[in-house]
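All remarks here apply to the structure that follows.
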Amino acid sequence: MRGKQHYLIFVAMAAGAGIGLWIGGENGVKPDANMFVWFSELFGKTIFIGALKAIVAPLIFFSIIASIVCLPTTGELWQIGWRTLVFYLVTTSIAVGIGLLLVLTIQPGMRGDRDGLRARWPEMKKELSTEYAEKESKLKGGKSAGEIIRQNITRIIQNPFEALSTRNSLGIIFFAILIGIALIAIGEAGRPVIPVVQGINAAIMRLTGWIMAGAPFFIFCLVAALTARYGTSLFATVGWYVATIIAAIGCHVVVLLVIVRVFGKRSPFAFLKGIRRAWAVAFATRSSAATLPVTMECVRDELKVPRKIGDFVLPLGATVNMDGTALYEGVAIIFLIQLFGGLPGAEIDLTATTTIVIFLTAVLASIGAAAVPDAGLITMVLVAGAVGLSEEFIPIIFAVDAFLDMFRTSTNVMGDSVGAVVISRLTGSVPGDEDCAGAPAAA
Ligand code: ASP
């Protein structure tokens, strides 16, 4: 059944989009369909995403410990750790670079009805202000780079129980790494704990399998509700912007596949086949954290990446590696400058220095973004602030954000999976490697 499930998932996505378009109108959901959308959100968001999120904190915690105690020495942890971080930083930078190249070439902000939009802006600003007010509290999240760094340090050094209960993945990862190292350090005394941790880890993966059994239905609900709510009318205003982001993401996916071939020594087709379920879940849930259990399952079972690598590299990737988000933030800010440059609050020239500042802050903002829907939109304020663009222009792209979030989240998950394949090859953990001795047989 599982072998065929991805077909069902893709059919469900297409059917959901079709029904969503049918029941959604120019001004939102048709009144008769409100009940349908309510139920779709109940099953898709509340139950499916809720269930995946519920297991993600313990999954990150136990899988990281289980992966570390599998390593023969802490030296190997260091080898995997630094390679992973460098890999993630390089691929995120490539993503932003591609985004900037395309947005500067295509110039989406200069196309379409630019003059009309600029003229209507004062009036549109008022219309968008209700929506803006709703998101404003979130948007106030992190304004300066210093503030983001301070916030992240506070998240890393946190009481582990608080980190688990608030799903603070940086705090969970940090504590799990320390506990894993300590278990290796205490030798004999820590040995009885190891099979327990590995057993819990295997049980959580089994829970993931149970949740995923209903994935086609849940994904149908998610896509139908989203399409019904947002429809297609919004593309008229910012169509070029949407097209630029999707084209840039397409280019980055090609780069990732080349990396899989060259550094991971894997067939790109086999790779895509292996991660298709995780890709679809990321697309529909718009959360790389909620997708993490499925990503781990695909990377381990389909791509045969040893557990000791996947269980460490993937949770870390879901937290700090967001290629799609970084690319999107860079493109979005340049688009806004192209569109509104010169108006009050956007007196900015697109010089080389401005572009470099956008490049650097987009990378930083993506690292700080949480792996949840809309997070990229929130941390984008950091990039805007760094070049002096007023955040009052951001609401113009709210309407298409949920749609673009599908593409950037699935790219984020793909980037993490490429990381797992490449790191396993670079550290000599070839496919088919024996998994950790003493680990319970995979469920
Ligand atoms: N939704 C994205 C993720 O979970 C983050 C973002 O909004 O860009 O990976």
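Numbers here are sequence positions counted from 1. If you're wondering where the values come from, they're calculated on a predicted model, not measured in any experiment.
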With a 4.5 Å limit on heavy-atom distance, are the side chains of [X] and [Y] in contact?
X    : Y    : result
N34  : W38  : no
V299 : V313 : no
T244 : F335 : no
T319 : I172 : no

If you round to the nearest 0.5 Å, how far is [atom2] of [Y] from [atom1] of [X]?
X    : Y    : atom1 : atom2 : answer
I60  : L314 : CD1   : CG    : 10.5 Å
T325 : Y328 : OG1   : OH    : 8.5 Å
I333 : T355 : CD1   : OG1   : 12.5 Å

- Quick check: are there more than 12 heavy atoms from other residues, nucleotides or ligands sitting under 6.0 Å from NZ of K273? no

- Near F359 CZ, under 6.0 Å, is it more than 12 heavy atoms from other residues, nucleotides or ligands? yes

- Task: Evaluate the ring planes of F283 and F407, with Trp represented by its six-membered ring, and classify them as parallel (under 30°), tilted (30 to 60°) or perpendicular (over 60°).
- Result: perpendicular

Give me the atom names and distance for the closest heavy-atom approach of [X] to [Y].
X    : Y    : result
T92  : A326 : CG2-CB, 3.5 Å
Y88  : D416 : OH-O, 3.8 Å
L222 : G44  : CD2-C, 3.6 Å
V96  : A362 : CG1-CB, 4.1 Å
I68  : I184 : O-CD1, 3.4 Å

